[in-house]
Enquirer: 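Here it is: the structure, laid out below.
Lettering follows sequence order; numbering is per chain, from 1. Excluded from the calculations below are hydrogen atoms, water molecules and symmetry mates; all remaining heavy atoms, backbone and side chain alike, are included.
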There are 2 protein chains.
Amino acid sequence: MKPRTAPPEQRRTALLDAAAELVLAKGISGFTVEDVTNAAQVAKGTFYLYFRSKEQLVRALRERFINDLVARQRAALRRLPADDWPGRLRRWMELSLRGYLAHAELHDALFQHDGDAAESATGHPADPAHNGHAAELAEIIQAGSESGAFALTDPSLAVVLLYNTMHGTADYLVERSRGGALSKAETNRVIAELLKLCERYTETSREAPLRSEGAR
Amino acid sequence: MKPRTAPPEQRRTALLDAAAELVLAKGISGFTVEDVTNAAQVAKGTFYLYFRSKEQLVRALRERFINDLVARQRAALRRLPADDWPGRLRRWMELSLRGYLAHAELHDALFQHDGDAAESATGHPADPAHNGHAAELAEIIQAGSESGAFALTDPSLAVVLLYNTMHGTADYLVERSRGGALSKAETNRVIAELLKLCERYTETSREAPLRSEGAR
DNA sequence: ACCTGAACACCGTTCAAGT
DNA sequence: ACCTGAACACCGTTCAAGT
């Protein structure tokens, strides 16, 4: 009584979609594998034909989240002049933050702190080798440093710092947006501050070299 | 056959200690409540006289971790001149990073990403209102801004950015230290870079105003 | 009052049997 | 080949009974 075996990749996607919705509704430890198979209209055991475990499913969800974000950003960045590195950096920062915020609930539910000590495939740490999102930033910082746009002695360390600044700040905004509305004005202020940090740290703001200074 | 009912606060601590060891050995989802009660020499049910659930136990462990860190830092900061805000900021950053690193495994196991959507009491987000550790930083930034040591238009936003930069960077180092040794030299380089970011962002490095510049 | 541990409920995972 | 769902194993949590 299975009308027509669905194409396998499509079935996998259906399971992922169902899981994403459930994560939003009940949190990671709040939904069961059976919930997922019910929503996807397959038997419980079928789940294990597509995923090794519930935990691996969650990892796949995180990967998909990151990949989607990276794809959207790449598209937006492609339209910028290729050699304006400070501009690309600013845009990457803003897009990342807004991207996280736009999918705040899912991001929140997926990357909540808690849980397991298992190896963390797509885990946070800003290691460009393990994180496609951080890899984008690394490219910008690297190229911008080589072209002399950024005054950084160690570009790959700078990536670590800046990635984490962005990511943590996004977490913070997501958190604030939960109870009660997060005003657009506030979001903009945070983004402006983030960009200021980037500029000062990379010493990009050189172009306007004098700015009068009140003593002490 | 219970020789002498132990003082209750002491029993709670015994359970926490046992749990901390188990978290290190097996990870949060790797140990059972029974493991804890066995290690603490009490019956399984006794656990629920002291904690509402396994999850609440984990939260208590996180709280204890943060509190210990804060206490150690406060002691170290007390010995600095009270009005050298850039110095205090630098020291806070360095102590935080080294503090996390010194207890890397436990930090790692406790704050691993994964798990539940339940409310996050001691959660990361750099909101000084909810995080005693970030509150320390907030005090430094606030006082330093008022005294004119830092050039920040919005000190409380700066706290958010800087706290996350530090925390994420610590996570990164913890991660790196896992497989293979993390050299002292590398740790020092990261700390130096972190301090540089702080100085540039807060515009503390004014004292040495000229630094020759290669054009473009 | 505080502690015990058997019993319960729930869910992740497996597997023999179907098409 | 792919799917099914009953059965199993494992734990978190509860509770009636002890001291």
Enquirer: Does the side chain of Val160(B) reach to within under 4.5 Å of the side chain of Val190(A), using non-hydrogen atoms?
Expert: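 With C-beta onward as the side chain, the pair stays apart.
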
Enquirer: Picking from dG12(C), dT4(D), dT4(C), which would you name as closest to the side chain of Val42(A)?
Expert: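 Shortest atom-to-atom distance from the side chain points to dT4(D).
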
Enquirer: Given side chains that start at C-beta, do those of Glu199(A) and Arg90(A) come closer than 4.5 Å, heavy atoms only?
Expert: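 Answer yes - side chains close enough.
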
Enquirer: Go nucleotide by nucleotide along DNA chain C from the 5' end; which of Arg52(A) and Leu49(B) gets its closest nucleotide reached first?
Expert: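 Its nearest nucleotide lies further toward 5', so the answer is Leu49(B).
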
Enquirer: Between Glu193(A) and Thr169(A), is any pair of side-chain heavy atoms under 4.5 Å apart?
Expert: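 SC-SC contact between Glu193(A) and Thr169(A) ruled out.
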
Enquirer: What's Thr46(B) touching, base or sugar-phosphate or nothing? Going by heavy atoms closer than 4.0 Å.
Expert: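 The answer is base, as Thr46(B) lies within the cut-off (heavy atoms under 4.0 Å) of a base atom.
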
Enquirer: Examine the base of dT4(C) for any acceptor or donor lying under 3.5 Å from a partner atom in the side chain of Lys44(B), and report the outcome as yes or no.
Expert: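 No, the side chain and the base share no sub-3.5 Å donor-acceptor pair.
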
Enquirer: Atom CZ of Arg12(B) and atom C1' of dC2(C): how far apart are they, to the nearest Å?
Expert: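 Rounding to the nearest Å, CZ of Arg12(B) and C1' of dC2(C) are 17 Å apart.
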
Enquirer: Looking at dC3(C), dC11(C), dC3(D), which one has an atom nearest to any side-chain atom of Arg11(B)?
Expert: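 Selected nucleotide: dC3(C).
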
Enquirer: Heavy atoms, side chains only, cut-off 4.5 Å: are Val42(A) and Leu49(A) in contact?
Expert: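 When only atoms from C-beta onward are counted, Leu49(A) and Val42(A) do not touch, as no gap falls below 4.5 Å.
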
Enquirer: Is the Phe65(B) ring parallel, tilted or perpendicular to the Tyr100(B) ring (thresholds 30°, 60°)?
Expert: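 Rings of Phe65(B) and Tyr100(B): parallel, as their planes differ by under 30°.
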
Enquirer: Of the listed nucleotides (dC3(D), dG12(D), dT4(C)), which one gets closest to any side-chain atom of Tyr50(A)?
Expert: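 When the side chain of Tyr50(A) is considered, dC3(D) is the closest of dC3(D), dG12(D), dT4(C).
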
Enquirer: Considering only side-chain heavy atoms of Thr32(A), which listed nucleotide, dC11(D), dC3(D), dC11(C), is closest?
Expert: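 Nearest nucleotide to the side chain: dC11(C).
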
Enquirer: How long is the line joining CD1 of Ile28(A) and P of dC11(C), in whole Å?
Expert: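 Computing the Ile28(A):CD1 to dC11(C):P distance gives 16 Å.
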
Enquirer: Nearest whole Å is fine: how far is dG5(D) P from Gln41(A) CD?
Expert: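 Atom-to-atom, Gln41(A) to dG5(D), this comes out as 12 Å.
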
Enquirer: Hey, is Asp17(A) close enough to Arg64(A) for a salt bridge, meaning N to O under 4.0 Å?
Expert: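 Yes.
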
Enquirer: In whole Å, what is the span from the CZ atom of Phe47(A) to the P atom of dG5(D)?
Expert: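 So the CZ-P distance, Phe47(A) to dG5(D), works out to 17 Å.
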
Enquirer: Hey, does Phe51(B) reach any base, or is it just sugar-phosphate, or nothing, if we go heavy atoms under 4.0 Å?
Expert: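 Result for Phe51(B) = nothing.
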
Enquirer: Once the angle between the rings of Trp92(A) and His133(A) is folded into 0 to 90°, is it parallel (under 30°), tilted (30 to 60°) or perpendicular (over 60°)?
Expert: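 Tilted, since the angle between the ring planes falls between 30° and 60°.
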
Enquirer: Let me check I have this right: for DNA chain C, each base becomes ., (, ), [, ] or |, based on Watson-Crick or G-U pairs with both distances under 3.5 Å. What is the full string?
Expert: ||.|||||...|||||.||

Enquirer: State which of dG5(D), dG12(D), dG12(C) makes the closest approach to the side chain of Ala43(A).
Expert: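 For Ala43(A), the side-chain atoms sit closest to dG5(D).
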
Enquirer: Nearest-Å distance, OH (Tyr48(A)) to P (dA6(D))?
Expert: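 From Tyr48(A) OH to dA6(D) P: 16 Å.
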
Enquirer: Starting at CD of Glu34(A) and ending at P of dT4(D), how long is that distance when rounded to a whole Å?
Expert: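 Going from CD in Glu34(A) over to P in dT4(D) covers 13 Å.
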
Enquirer: Could you state the CG-P distance from Leu57(B) to dC11(D), rounded to the nearest angstrom?
Expert: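 So the CG-P distance, Leu57(B) to dC11(D), works out to 16 Å.
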
Enquirer: May I ask you to verify whether the side chain of Lys54(B) and the base of dT13(D) hold a donor-acceptor pair under 3.5 Å?
Expert: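 Under the 3.5 Å cut-off, the side chain and the base do not form any donor-acceptor pair.
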
Enquirer: With a 4.5 Å heavy-atom cut-off, do Arg74(A) and Glu136(A) have their side chains touching?
Expert: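 Yes; the side chains approach each other to less than 4.5 Å.
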
Enquirer: Could you state the CZ-C1' distance from Phe31(B) to dC10(D), rounded to the nearest angstrom?
Expert: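 Between C1' of dC10(D) and CZ of Phe31(B): 15 Å.
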
